[in-house]
2 protein chains.
Amino acid sequence: MNPLFHALFQKSRYITNCLNEVLKQHNLYSSQWTILYCLHNHGPMTLTQIWKYLNVEAPSITRAITRLETLGWVLRIDGEDKREKIVTLSPYAEKHLPVITKTILAFEEEMIGALTVEEQQQFMILLEKMKG
Amino acid sequence: MNPLFHALFQKSRYITNCLNEVLKQHNLYSSQWTILYCLHNHGPMTLTQIWKYLNVEAPSITRAITRLETLGWVLRIDGEDKREKIVTLSPYAEKHLPVITKTILAFEEEMIGALTVEEQQQFMILLEKMKG
DNA sequence: AGTATTTGTTTAGCTAGGTAAATAAATACG
DNA sequence: CGTATTTATTTACCTAGCTAAACAAATACT
């Protein structure tokens, strides 16, 4: 395996593991938090909007939303178009998200802190260049 | 989610998906190929050597090796220390690996080609800086 | 020598992604 | 209007990582 790929995969796994560790105190997993944060910023979204935005396949989102629903974080309501389901944050989520967001921001700052803003931009540019 | 993490995870998933697409013609998955390539370079290895080198947990390797064994790519033989199993490439693997390696190198070149050698080094350095 | 600890591997069960195919509602077309 | 196609979601099943705990062999300790 090309060392660049190897390093990329490693770091990706490492960061998600760290993220899960931080989220443990809130009884959440990284993929769940990603969706909650997404809904928090965009307001109610259909499943399709969510998976297109997060760039994963639909079944992953269906499963995650089902779990979040049973845990009481989101509500799934029928849209005007009867095919689609609109997902919204529950009052419980609205109440608890701010403090979670805060701990996550601290984590991200700690993780990325060693990079200057220019380095962060450079990193994004280099990522883009890898045939997207 | 911090856009830098988002981009990192995205690209990581994207590349493994592409890799799997390329490997489909050889009836292999990326994780399997990673192990075969590892054995090809280092010669016979114990399970522990493999998971420490690839930096994943032991059960992932156990499962992958079991699958590779039933598919005829590797052999698992008892070591002198009766606890450990030594994994070696099968003659079938020795025969077929070169051509697979060739297609993978072409894929990696295509994927990374847009980056100069300096940019690749820079990318590695930036990855390292993210709290390892 | 006999017990306690460590080490290598495996098993069980979890999240998290993927594809392929089923289903139901909406839309397009002849 | 009725059928064909598209679109949104779901279901079933696959790889790929993880942790926790079981187990057996080796090593350390007294």
Side-chain angles (χ1 to χ4, degrees), chain A residues 1 5-6 8-24 26-35 45-71 74 76-87, chain B residues 1 5-6 8-24 26-35 45-71 74 76-87:
Chain A
M1 176 90 70
F5 286 172
H6 187 67
L8 177 65
F9 296 161
Q10 293 275 113
K11 194 60 77 173
S12 184
R13 270 190 295 122
Y14 175 70
I15 294 174
T16 52
N17 290 346
C18 290
L19 199 49
N20 279 324
E21 194 60 36
V22 173
L23 283 167
K24 211 177 241 176
H26 304 294
N27 287 309
L28 281 173
Y29 287 97
S30 55
S31 67
Q32 298 172 329
W33 183 78
T34 303
I35 292 174
M45 298 171 84
T46 66
L47 285 174
T48 299
Q49 285 176 319
I50 296 174
W51 66 258
K52 287 200 171 156
Y53 180 76
L54 296 179
N55 204 29
V56 298
E57 297 303 317
S60 305
I61 297 302
T62 293
R63 194 167 352 99
I65 294 294
T66 303
R67 188 93 185 87
L68 284 173
E69 195 179 25
T70 68
L71 291 172
V74 303
R76 200 187 322 215
I77 57 180
D78 287 356
E80 213 167 294
D81 181 333
K82 288 290 171 54
R83 290 170 304 180
E84 66 188 17
K85 305 285 174 61
I86 298 168
V87 184
Chain B
M1 176 89 70
F5 287 172
H6 187 66
L8 177 66
F9 296 160
Q10 291 276 113
K11 194 59 77 173
S12 184
R13 269 190 296 121
Y14 174 70
I15 294 174
T16 51
N17 290 345
C18 290
L19 199 49
N20 279 324
E21 193 60 36
V22 172
L23 282 166
K24 210 177 242 176
H26 304 293
N27 288 308
L28 281 173
Y29 286 97
S30 56
S31 67
Q32 299 172 328
W33 183 78
T34 302
I35 293 174
M45 298 171 85
T46 67
L47 285 174
T48 297
Q49 286 176 318
I50 295 174
W51 66 258
K52 286 200 171 157
Y53 180 76
L54 295 180
N55 204 29
V56 298
E57 298 304 318
S60 305
I61 297 302
T62 293
R63 194 167 354 96
I65 294 294
T66 303
R67 188 94 185 88
L68 284 172
E69 195 178 24
T70 68
L71 292 172
V74 303
R76 200 188 322 215
I77 58 180
D78 287 355
E80 212 167 295
D81 180 332
K82 289 288 171 55
R83 289 170 303 181
E84 66 188 17
K85 305 286 174 60
I86 297 168
V87 185

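We name chains A, B, ... by the order of the sequence lines, and we start the count at 1 in each one.
For B:Asp81, counting side-chain heavy atoms from C-beta on, the closest listed nucleotide (D:dA25, C:dG18, C:dT9) is D:dA25.
Toward the 5′ end of DNA chain D lies the nearest nucleotide of B:Arg67, the other residue of the pair B:Arg67 and B:Asn55 mapping further downstream. Residue order along DNA chain C, read from the 5' end via each residue's closest nucleotide, puts A:Ala64 first among B:Lys24 and A:Ala64. When each of A:Arg13 and A:Pro59 is assigned the nucleotide of DNA chain D with its nearest heavy atom, A:Pro59 is the one assigned upstream, toward the 5' end.
What separates CD of A:Gln32 from P of C:dG17 is a distance of 10 Å, to the nearest Å. The CD atom of A:Glu57 sits 17 Å away from the P atom of D:dA16 (whole-angstrom rounding). Atom CD in A:Gln49 sits about 14 Å away from atom C1' in D:dT7, given to the nearest Å. Note: CZ (B:Arg63) to P (D:dC18) measures 10 Å, nearest angstrom. Between the OH atom of B:Tyr14 and the P atom of C:dA16 there is a distance of 24 Å, given to the nearest Å. Here C:dT15 presents its C1' atom at 17 Å from CH2 of A:Trp33, a figure rounded to the nearest Å. Taking atom CG of residue A:Asn27 and atom P of nucleotide C:dC14, one finds them 16 Å apart after rounding to whole Å. Taking atom CG of A:Asn17 as the reference point, atom C1' of C:dC14 lies 13 Å away to the nearest angstrom.
Note on A:Thr62: a base of the nucleic acid sits closer than 4.0 angstrom, heavy atoms only. Residue B:Glu84 is classed as a sugar-phosphate contact, given heavy-atom separations below 4.0 Å to backbone atoms only. Among the atoms of the strands shown, none is found under 4.0 Å from any heavy atom of A:Thr16. Contact annotation for B:Thr46: backbone-only contact, meaning every heavy-atom pair under 4.0 Å involves sugar-phosphate atoms and none involves a base. Residue B:Ser31 is in sugar-phosphate contact alone, with no base atom involved, counting any heavy-atom pair closer than 4.0 Å across all strands shown.
The shortest distance between side-chain heavy atoms of B:Phe9 and B:Met1 falls below 4.5 Å. Within the 4.5 Å cutoff, no side-chain heavy atoms of B:Val87 are placed close to those of B:Ile35.
A:Ser30 has a side-chain polar atom (N or O) that falls below the 4.0 Å cut-off from OP1 or OP2 of C:dA16. One finds no side-chain N or O of B:Lys82 lying less than 4.0 angstrom from the OP1 or OP2 phosphate oxygen of C:dT9.
Between A:Gln32 and A:Asn27, the closest heavy-atom pair is OE1-O, 4.4 Å.
For A:Arg13, the CZ atom sits in a packed shell: over 12 heavy atoms of surrounding residues, nucleotides or ligands are nearer than 6.0 Å.
Side-chain to base pairing of A:Arg83 with D:dT9: no donor and acceptor N or O lie closer than 3.5 Å to each other.
Side chain of B:Ser12 to main chain of B:Leu8: no donor-acceptor pair is present (N/O by atom type, distance under 3.5 Å, no hydrogens or angles).
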